[in-house]
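Let me begin by presenting the structure, written as structure tokens, before commenting on it.
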Amino acid sequence: MKPAAFEYHAPRTVDEALALLDAHGDEAKVLAGGQSLVPMMNMRLARPGVVVDINRLPALDYLTLDGGALRIGALCRQRAVERSALTAEHCPLLRDAVRLIGHLQIRNRGTVVGSIAHADPAAEMTAALTILGGEVTATGPGGERTIDADELFVSYLTTSLDPRELITEARFPVLPAGAGWSWTEIARRHGDFALVGVGVVLSVRAGVVADARIALTGVGPTPVRATHAERALAGAAPGDALWEQAAEAVRAEVEPDDDIHASAAYRRHVAGVLTGRALAEAHGRAREAA
Ligand SMILES: Cc1cc2nc3c(=O)[nH]c(=O)nc-3n(C[C@H](O)[C@H](O)[C@H](O)COP(=O)(O)OP(=O)(O)OC[C@H]3O[C@@H](n4cnc5c(N)ncnc54)[C@H](O)[C@@H]3O)c2cc1C
């Protein structure tokens, strides 16, 4: 399979990349790891007239800890995030989520920021940014702006980004001290996109749930934060009965679609099962940390 003809540019500076995006607007597409864009071009699901390859911009290849967040540059590969000691120590939820992206070869090339920009609601990185309350820096003709996860993801493969903007950085807040976490998902085969994925961050104080965050993949057009279930958990005593109550709340609040991979009813059921498992695992980790 071959893509439709396109003009290729490999800028050497961020300013050059921005000038190209500004000049070509929605005719242009940024090429990062190419693990989503290239297959879509080959299948002619995407036909950009201009490709702006950012792989020669080493200034965007970084992962640092700063101001209570992991700062991940646009060229930082998924595998680098997965293997980083900073990720393991400060944001193990992110490490566990990145590990489940496709296959090793995909993660060697694919970037965390590219996955966020692609905005697939089945992707781990969109839900990880959502559950952690993360944000991105979008740089464009008007300078830099910060976009929260909640404002970024609009629908399937659609963000609030202007076509002339480049996401230069994503920031994932580190886990709160003593919090437990879990990333749990089900896929038909190893390396496939998950049918449903659930991330949980749980803090317990004085014998009750002090804070609970739940985000899901594969159950809507964007990553979904299960706010009803979160409210049901807050202030309650942890345990199997509470996890089951939260699982029911998740089943009631998600609105998955049927597709060729699974029915909506199956996804809804699995969302509840995985929520229960993820809460139990996160609680175990919170107890270990206490
Ligand atoms: C076989 C296979 C299995 C996969 N399994 C999974 C999986 O289980 N989970 C998962 O999450 N993903 C999966 N993926 C997708 C993979 O994670 C991609 O790496 C990711 O979706 C896109 O990142 P990329 O760096 O490759 O971006 P690219 O493919 O280069 O770009 C993707 C899109 O984002 C835009 N873009 C990229 N970077 C920027 C930027 N800095 N600013 C603005 N726009 C930008 C591009 O223009 C394009 O529209 C799989 C891919 C394959 C081929």
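Residues take their numbers from the sequence shown, with the count starting at 1. We count ligands from 1, going down the list as the structure has it; atoms in each ligand are counted the same way.
Within the hydrophobic cluster formed by Ile, Leu, Val, Met, Phe, Trp and Tyr side chains joined at under 4.5 Å, directly or through other members, Ile106 stands alone, with no partner residue.
Pocket lining of ligand 1, defined as residues with a non-hydrogen atom under 4.0 Å away: Lys29, Val30, Leu31, Ala32, Gly33, Gly34, Gln35, Ser36, Leu37, Ala74, Gln78, Leu100, Ile101, Gly102, Ile106, Gly110, Thr111, Val113, Gly114, Ser115, Ala117, His118, Ala123, Glu124, Leu161, Leu166, Ile167, Gly191, Asp192, Phe193.
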Show me the donor-acceptor pairs, under 3.5 Å and distance only, between side chains in residues 239-251 and residues at least two apart or in other chains.
| unit_1 | atom_1 | unit_2 | atom_2 | d |
| --- | --- | --- | --- | --- |
| Glu248 | OE2 | Arg251 | NH1 | 2.6 |
| Arg251 | NE | His269 | O | 3.4 |

Side-chain polar contacts of residues 57-75 - donor-acceptor pairs under 3.5 angstrom, sequence neighbours left out - could you list them?
| unit_1 | atom_1 | unit_2 | atom_2 | d |
| --- | --- | --- | --- | --- |
| Tyr62 | OH | Glu169 | OE1 | 2.5 |
| Asp66 | OD2 | Arg71 | NH1 | 2.9 |
| Arg71 | NE | Glu169 | OE1 | 3.0 |
| Arg71 | NE | Glu169 | OE2 | 3.1 |
| Arg71 | NH2 | Glu169 | OE1 | 2.9 |

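Judged purely by distance below 3.5 Å, without hydrogens or angles, the side chains of Thr87 and Ser84 pair a donor atom with an acceptor atom.
For the atom pair Glu165 CD and Thr159 OG1, the distance stands at 8.5 Å (nearest 0.5 Å).
Shown are Asp259, Asp257, Asp258; of these, the salt bridge (Lys or Arg N to Asp or Glu O under 4.0 Å) with Arg267 is made only by Asp259.
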